[in-house]
Amino acid sequence: MTDTPAAPENAAQIRRTTLYLTLAQVPSGKVVTYGQLAEMAGLGRAARWVGRALSQLPDDTKLPWHRVLGAGGRISLPVGSPSGDEQRARLRTEGISVLNNRVDIQRHGWRPVEHSG
DNA sequence: TCGGTGGCTTGCC
DNA sequence: CGGCAAGCCACCG
């Protein structure tokens, strides 16, 4: 179809798009981890890449980047950081309890499959 | 093509 | 709960 036999650039674009789409599916009041998000997007264990991609998001992004936490619901962003403080503020705004840089993932963790689990 | 690098993850002590 | 080490995977120059 296309004149391009191979487009690795496009593939990278798709990965980002898939990541964004997956992130956009995270409902308010729920949180996911980098690894979980990466796996959902079909990136496998590229959790680090996910965090990086989120850091590259523009300030005016509509994606709920603040709903992405580290393993166990821990906030990777340090206190005193603009983004870190912003993240905690948004999480609380959504009704998520943030205690000592940690969120109860057992309580606010997003489960896309639900049921049968 | 290759090496260095991460807003991570998991184990272990 | 904390620090350390290794693993993983995709990005960048």
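Just so it is clear: chains get the letters A, B, ... in the order the sequence lines come, proteins before strands, and each one is counted from 1.
Taking every heavy atom of both residues into account, A/Trp49 and A/Arg16 meet most closely at CZ2-CG, 3.9 Å. For A/Val98 against A/Arg92, the heavy-atom pair with the smallest separation is O-NH2, 2.7 Å. Closest approach of A/His108 to A/Ser97, counting heavy atoms only: NE2-N, 3.6 Å. Minimum interatomic distance between A/Val50 and A/Ala38 (heavy atoms only, all atoms of both residues): CG2-CB, 3.4 Å. Contact record, A/Pro27 with A/Trp110: CD-NE1, 3.3 Å, taken as the closest heavy-atom pair. Annotation for A/Thr33 and A/Gly70: closest pair CG2-O, 3.3 Å, computed over non-hydrogen atoms.
Annotation: proximity of residues 34-47 of chain A to DNA chain B (heavy atom, distance under 4.0 Å) is found for A/Tyr34, A/Gly35, A/Ala47, numbered in ascending order. Scanning residues 48-64 of chain A for heavy-atom distances under 4.0 Å to DNA chain B yields A/Arg48, A/Gly51, A/Arg52, A/Leu54, A/Ser55. Taking a 4.0 Å limit (strictly below) on heavy-atom distances, residues 72-105 of chain A reaches DNA chain B at A/Ser76, A/Leu77.
Residues A/Val31 and A/Leu91 have side chains in contact (heavy-atom distance under 4.5 Å, counting atoms from C-beta outward). Residues A/Pro112 and A/Gln25 are not in side-chain contact: their nearest non-hydrogen atoms beyond the backbone lie 4.5 Å or more apart.
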- Task: Applying side-chain contact (heavy atoms from CB on, under 4.5 Å), run through A/Leu54 and A/Thr61 and close with a yes or a no.
- Result: CA-CA 10 Å; A/Leu54 297 180; A/Thr61 182; over 6 Å; no

I would like to know whether A/Arg102 and A/Leu69 meet side-chain contact (heavy atoms from CB on, under 4.5 Å); could you show each step before the answer?
CA-CA 9 Å; A/Arg102 274 166 57 169; A/Leu69 310 174; over 6 Å; no

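For the atom pair A/Leu23 CG and A/Leu57 CG, the distance stands at 7.5 Å (nearest 0.5 Å). With rounding to the nearest 0.5 Å, the separation of CG in A/Leu19 from CD1 in A/Ile14 is 13.5 Å. Between A/Ile96 atom CD1 and A/Ser28 atom OG the span is 7.0 Å, to the nearest 0.5 Å. Residue A/Asp59 holds its CG atom at 8.5 Å from CD of A/Glu86, rounded to the nearest 0.5 Å.
For DNA chain C, the span of nucleotides reached by chain A at under 4.0 Å from its heavy atoms goes, 5' to 3', from C/dC1 to C/dC11.
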Read 5' to 3' with Watson-Crick or G-U pairs under 3.5 Å, [ ] for crossing pairs and | for partners on another strand, DNA chain C gives .||||||.|||||

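Sorted by first and then second residue, the side chain to side chain donor-acceptor pair (under 3.5 Å) pairs involving residues 65-81 of chain A (not counting sequence neighbours) are A/His66-A/Glu94, A/Arg67-A/Glu94.
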